[in-house]
Amino acid sequence: MAQPGESMRPQDREFADFFERWEPQVNRYLIWLEGDPSLIDDATQETMISAHRYWRRLQSLENVRAWLFKIARQRLSEARRARIRHGLSTAPHELPEQRDDAHDALALRVDQLAILEAVRKLPPRQATAMALQLQYDCPLHEIADIMEITTGSVKTHLHHARANLEILLADVDGGAR
């Protein structure tokens, strides 16, 4: 990287622009799949390191988002396995609590958080498909590319995810849904 006062090389500037655009999107995608901020941050960082490592190849891809999200899901799985190998818990109730002192902001997001938590309780493939659809409005063929499955399988995962979410969210609302 360039020192202060120096200009960046064009390829460094291109990757910096890429990073600024895609790192937050990778992070938001992983938030749908994981509740532990440290795992999310690790997986996001490892994804962007992979993007830098394969930068030339990545520049020629037609669907960069599919590649990034596929790698992000793999890096998240690796981070989870590493945590388990080191004897650390991945159980949501054993993770440190996050405090939000802005009570009003929290009140506005109760429904969103309930959906997010419910998606995290889904089986992994259902959670991935639902996160890609809800957060990014990905078309079925792109979800299929990211998950490396057929569009028919995506439809099945989404169908089951919706049915499971209905049950999970009904439990949250005390059967009101």
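These numbers come from the heavy atoms of this one structure, side chains and all, not from hydrogens, waters or symmetry mates.
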What residues form a salt bridge (charged side-chain N to carboxylate O under 4.0 Å, His left out) with [X], not counting sequence neighbours?
X	result
Glu46	none
Arg65	Glu142
Glu78	Arg75

| message | Salt bridge or not between Arg21 and Asp17? Use side-chain N to carboxylate O under 4.0 Å. | response | no

Practice problem: State plainly whether the residues Lys70 and Asp145 are in salt-bridge range, i.e. N to O under 4.0 Å. | Solution: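 The answer is no: the pair does not qualify as a salt bridge.
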
side-chain contact (heavy atoms from CB on, under 4.5 Å) between Asp42 and Leu76: does it pass, once the steps are laid out? CA-CA 8 Å; Asp42 288 350; Leu76 180 61; over 6 Å; no

#### Entry: Thr150-Ser153 side chain donor-acceptor pair, cut-off 3.5 Å
yes

If you group Ile, Leu, Val, Met, Phe, Trp and Tyr by side-chain heavy-atom gaps below 4.5 Å, do Tyr54 and Met48 land in one group?
yes

Quick check: is Val26 connected to Leu61 through a chain of hydrophobic side chains (ILVMFWY, heavy atoms under 4.5 Å apart)? yes

Taking C-beta and beyond as the side chain, do [X] and [Y] meet within less than 4.5 Å on heavy atoms?
X	Y	value
Arg83	Ser38	yes
Asn27	Asp41	yes
Ser50	Trp67	yes
Leu68	Phe18	yes

**Stepwise side-chain contact (heavy atoms from CB on, under 4.5 Å) check, Asp137 with Leu132** = CA-CA 6 Å; Asp137 199 26; Leu132 290 168; over 6 Å; no

Could you tell me the separation between the [atom1] atom of [X] and the [atom2] atom of [Y], rounded to the nearest 0.5 Å?
X	Y	atom1	atom2	result
Ile71	Thr44	CD1	OG1	13.5 Å
Met130	Leu158	CE	CG	5.0 Å
Asn164	Glu166	CG	CD	10.0 Å
Ile149	Lys155	CD1	NZ	12.0 Å
Thr47	Leu30	OG1	CG	6.0 Å
Ile31	Leu39	CD1	CG	12.5 Å

Exercise for the section: Give me the one residue out of Gln133, Arg162, Arg125 that meets side chain to side chain contact (heavy atoms under 4.5 Å, CB included) with His157. Expected result: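 Exactly one candidate clears the test, Arg125.
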
Got a donor-acceptor contact below 3.5 angstrom from the Arg120 side chain to the Ala127 backbone?
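Between the backbone of Ala127 and the side chain of Arg120 there is no qualifying donor-acceptor contact (under 3.5 Å).
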
Give me the atom names and distance for the closest heavy-atom approach of [X] to [Y].
X	Y	answer
Val119	Leu134	CG2-CD1, 4.3 Å
Ala72	Ala43	O-CB, 4.3 Å
Thr151	Ala144	N-CB, 3.9 Å
Val64	Leu58	CG2-O, 3.9 Å
Ala131	Trp32	CB-CB, 3.3 Å
Ala114	Leu169	O-CD2, 3.7 Å

Here the salt bridge (charged side-chain N to carboxylate O under 4.0 Å, His left out) pairs for residues 49-61, sequence neighbours left out, are none

Show the numbers, then the answer: is there a side-chain hydrogen bond (donor to acceptor under 3.5 Å, both in side chains) between Gln45 and Glu23? CA-CA 8 Å; Gln45 184 176 17; Glu23 188 270 348; over 6 Å; no

His52 meets the ring-ring contact (aromatic ring centres under 6.0 Å, His included) criterion, sequence neighbours left out, with Phe15

Residues at least two apart in sequence or cross-chain that pass ring-ring contact (aromatic ring centres under 6.0 Å, His included) with Phe69, listed by chain then number, are Tyr29, Tyr136

